[in-house]
Amino acid sequence: MTTYTYKNITYQIVITDEWDRCRQREEQILRDFKHCEQTHDYLTIKNRITNGIKWGWLIEIKTPH
């Protein structure tokens with residue numbers, strides 16, 4: 001399972017349509033998020049999270065309080 005945490009919210013990256021490359025694609029998306037953090041590109045992070053949730057390749061992991 002590939003996860004990304006931003007502002008204390010953890011998201012699961014779920015790629016299912018790239019056959020044998022799903023895991024590679026998930027890891028690439030994680031690297032992209034980390035690169036955006038390093039370059040302080042928080043608008044891109046926000047947009048990717050919004051679109052990822054909309055299109056189903058990003059799922060917010062609910063944690064019990």
Side-chain angles (χ1 to χ4, degrees):
M1 174 168 59
T2 305
T3 61
Y4 174 67
T5 301
Y6 182 68
K7 292 188 176 185
N8 295 321
I9 300 172
T10 301
Y11 301 92
Q12 181 180 358
I13 302 168
V14 181
I15 302 299
T16 58
D17 62 349
E18 295 200 18
W19 303 279
D20 61 337
R21 295 187 183 150
C22 293
R23 181 74 177 161
Q24 289 174 312
R25 184 67 184 127
E26 290 172 0
E27 291 172 358
Q28 180 61 51
I29 291 170
L30 180 60
R31 283 192 297 272
D32 291 348
F33 275 125
K34 296 293 185 180
H35 174 75
C36 288
E37 284 181 5
Q38 291 174 344
T39 60
H40 307 283
D41 189 357
Y42 302 110
L43 181 59
T44 297
I45 292 172
K46 181 182 175 199
N47 288 338
R48 288 190 181 177
I49 289 172
T50 299
N51 288 323
I53 291 170
K54 176 182 179 180
W55 294 107
W57 58 264
L58 199 63
I59 300 168
E60 183 177 335
I61 298 174
K62 305 289 184 186
T63 55
H65 295 285

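Positions are given from 1 along the sequence. Owing to the predicted nature of the structure, the values given are computational and were not obtained by experimental measurement.
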**Item:** Counterpart residues, ring pair (Phe, Tyr, Trp, His ring centres under 6.0 Å), relative to Tyr11 (two or more places apart)
**Value:**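 Expected list: none.
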List for me each residue that meets side-chain hydrogen bond (donor to acceptor under 3.5 Å, both in side chains) alongside [X], sequence neighbours excluded, and say none if there are none.
X: Thr39; value: none
X: Glu60; value: none
X: Arg23; value: Thr2, Glu27
X: Tyr6; value: none

**Message:** Between Phe33 and Ile49, is there a side-chain heavy-atom distance shorter than 4.5 Å?
**Reply:** yes
**Message:** With a 4.5 Å cut-off on side-chain heavy atoms, are Asp17 and Ile15 touching?
**Reply:**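 Answer yes - side chains close enough.
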**Asked** What is the minimum heavy-atom distance between Cys36 and Thr44, and which atoms define it?
**Response**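 Here Cys36 and Thr44 meet closest at SG-CG2, 3.7 Å.
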Nearest 0.5 Å, please: how far is [atom2] in [Y] from [atom1] in [X]?
X: Ile59; Y: Ile13; atom1: CD1; atom2: CD1; answer: 11.0 Å
X: Arg25; Y: Asp20; atom1: CZ; atom2: CG; answer: 14.5 Å
X: Met1; Y: Ile61; atom1: CE; atom2: CD1; answer: 5.0 Å

**Message:** Testing the 3.5 Å rule here: is there a donor-acceptor pair between the side chains of Gln28 and Arg31?
**Reply:**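 Side-chain D/A pair, Gln28 to Arg31: present.
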**Message:** Does anything in residues 33-58 form a salt bridge (Lys or Arg N to Asp or Glu O under 4.0 Å)? List the pairs, not counting sequence neighbours.
**Reply:** Asp32-Arg48
**Prompt:** Looking at Ile9, Ile29, Ile45, Leu58, which one forms a side-chain contact (heavy atoms from CB on, under 4.5 Å) with Tyr4?
**Reply:**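 It is Ile45; the other options fail the test.
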